Number of protein chains: 2
Amino acid sequence: MATPDVRAQLLAAATRLFAARGFEGTSLQAIAAAVGIRKPSLLYHFGSKEELRQAVLDDLLARWNQVLPELLMAAAERDRFDGVLDAMTDFFLDDPDRARLLVRETLDRPEDVRDRLERYVRPWVAVALNQLKAAKSEGQVHPRADLAAYVVHLVQLVVGSIAVMDTLVALLPEGDVDRRERLRTELRRMAKAGLFVPRAAAPKQYEVAAE
Amino acid sequence: MATPDVRAQLLAAATRLFAARGFEGTSLQAIAAAVGIRKPSLLYHFGSKEELRQAVLDDLLARWNQVLPELLMAAAERDRFDGVLDAMTDFFLDDPDRARLLVRETLDRPEDVRDRLERYVRPWVAVALNQLKAAKSEGQVHPRADLAAYVVHLVQLVVGSIAVMDTLVALLPEGDVDRRERLRTELRRMAKAGLFVPRAAAPKQYEVAAE
DNA sequence: CCTACCGATCGGTAGG
DNA sequence: CCTACCGATCGGTAGG
């Protein structure tokens with residue numbers, strides 16, 4: 001079946017192994033073996049382990065940027081909120097290794113990820129924020145919500161919960177139909193309930209209770 | 001100042017280094033050096049690197065169990081909710097390495113963590129759940145909330161956001177007064193708004209909007 | 001708690 | 001893309 005792009009195969013294998021065992025826990029030999037070549041051959045494609053790491057992250061963020069446009073179009077307004085949240089959730093559920101890789105990288109190289117977030121994610125957050133501000137001025141959003149902080153928490157909620165989803169489901173009752181779907185549904189609900197004022201209630205009568 | 005318990009010093013150093021660089025990324029030599037002893041001396045206290053890993057995790061969960069009682073007493077009911085959430089948040093903010101360690105361990109050894117969660121965390125979740133169910137039957141909670149799934153997400157939201165907090169603040173506007181405090185305040189608000197019905201609104205008129 | 005030492009594996013290079 | 005090989009470092013042991 002021809003040579004199915006060794007470089008792409010290496011990237012895929014590295015992504016999977018880095019996500020599962022971490023960067024330090026993965027040897028170049030293990031990645032090469034997963035593709036059926038020898039370690040020095042891998043180093044012909046990627047000059048060093050560090051170079052491979054960057055390539056894996058670049059690849060992930062490139063795929064993210066492919067999805068971005070459809071996210072940017074629909075951002076706030078109660079009805080579109082579901083679409084944006086679902087698209088983001090789908091991206092990471094589509095391959096949970098993406099979430100695991102991002103979380104690991106954030107823990108291993110906080111500064112690196114911070115730089116990348118500011119380049120890749122912040123512009124998108126800014127757009128979403130503007131549309132949410134509009135929704136807020138229309139009284140659709142909880143008046144005490146801190147929109148920027150909310151978006152940040154929502155992103156970490158989606159990425160983080162998908163990264164460790166297999167472990168989280170263990171805290172749910174056993175023998176359940178589909179515990180992953182249950183988590184997803186509740187994430188969607190609490191994300192919306194945490195931001196939007198219920199339709200019937202007027203913003204004025206809406207006041208946080210305790211303290 | 002006497003010998004300040006080498007074993008405890010080793011545990012502290014291992015916790016810090018495992019949290020910062022990961023288990024595979026940390027050498028026994030590095031841990032020993034941080035305490036001012038040699039590697040074989042470390043191996044006298046902890047028979048193997050794996051044994052040290054377990055001890056570090058045991059230590060973390062033992063400290064958690066020290067805090068548990070005060071959490072168990074106050075669980076649901078809108079007013080107590082803040083106390084429980086704050087106590088949990090304080091525990092991890094008190095030493096963010098705890099959060100980072102837990103997240104790393106969950107990624108590295110999902111099965112191990114799952115077993116531990118079922119022993120250490122699930123009982124507590126069950127108690128909190130019962131009290132939340134009572135609150136729900138009184139109409140204080142969103143009728144469509146999935147309490148078990150909500151609690152799971154809330155735990156991951158707290159642990160996950162503290163684990164990567166230094167990176168998350170980079171997504172907030174710069175020159176801000178205290179971006180960490182801002183994240184904490186919003187986490188508290190969204191956690192409550194995502195669960196509790198506003199006091200004035202009656203449960204009946206409360207209906208999720210979109211879809 | 002130390003020095004001395006072990007085999008295994010690591011990332012990477014030489015040279016083809 | 002390979003074989004052969006490098007120095008460095010790894011977790012762990014011997015023996016005191």
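Because the structure is predicted, anything quoted here is derived from the model rather than measured. A note on names: the letters A, B, ... follow the listed sequences, proteins ahead of strands, and every chain is numbered from 1.
Residue A:D82 is tested with A:K192, A:R189, A:R188 for a salt bridge (charged side-chain N to carboxylate O under 4.0 Å, His left out); the sole match is A:K192.
Pairing partner, D:dC6: C:dG11, with both Watson-Crick or wobble hydrogen-bond distances short of 3.5 Å. Nucleotide D:dG16: paired with C:dC1 (Watson-Crick or G-U wobble, both distances less than 3.5 Å).
A salt bridge links A:R53 with A:D108: the distance from a Lys NZ or Arg NE/NH1/NH2 to an Asp or Glu carboxylate oxygen falls below 4.0 Å. A salt bridge is defined here as a Lys NZ or Arg NE, NH1 or NH2 lying under 4.0 Å from an Asp or Glu carboxylate O, and B:R63 with B:D59 meets this definition.
With rounding to whole Å, A:Q29 atom CD is found 14 Å from D:dT3 atom C1'. Taking atom CZ on B:F18 and atom P on D:dG11, their separation rounds to 9 Å, with Å as the unit. When the P atom of D:dC1 is taken as reference, atom CZ of A:F46 falls 11 Å away, rounded to whole Å. The distance from atom CG of B:L42 to atom P of D:dC10 is 13 Å, rounded to the nearest whole Å. If you take CG of A:L28 and P of D:dC2, they are 14 Å apart, rounded to a whole angstrom. What separates CD of B:E24 from C1' of D:dG11 is a distance of 11 Å, to the nearest Å. Whole-Å rounding puts the B:L43 CG to D:dA14 P distance at 12 Å. Nucleotide C:dG11 holds its P atom 4 Å from the NZ atom of A:K49, rounded to whole Å.
The aromatic rings of B:W64 and B:F91 sit perpendicular, their planes meeting at an angle over 60°, well past the 30° parallel limit.
The phosphate of D:dT9 has neither OP1 nor OP2 within less than 4.0 Å of any side-chain N or O from B:S27. The phosphate of D:dC2 has OP1 or OP2 within less than 4.0 Å of a side-chain N or O from A:S41.
In this structure, B:T26 contributes its side chain and B:L17 its backbone to a donor-acceptor pair below 3.5 Å.
When each of C:dC1, D:dC1, D:dC2 is scored by its nearest atom to the side-chain atoms of A:R38, the top-ranked nucleotide is D:dC2.
Nearer the 5' end of DNA chain C, as judged by each residue's closest nucleotide, is the contact made by B:I37, out of B:I37 and A:K39.
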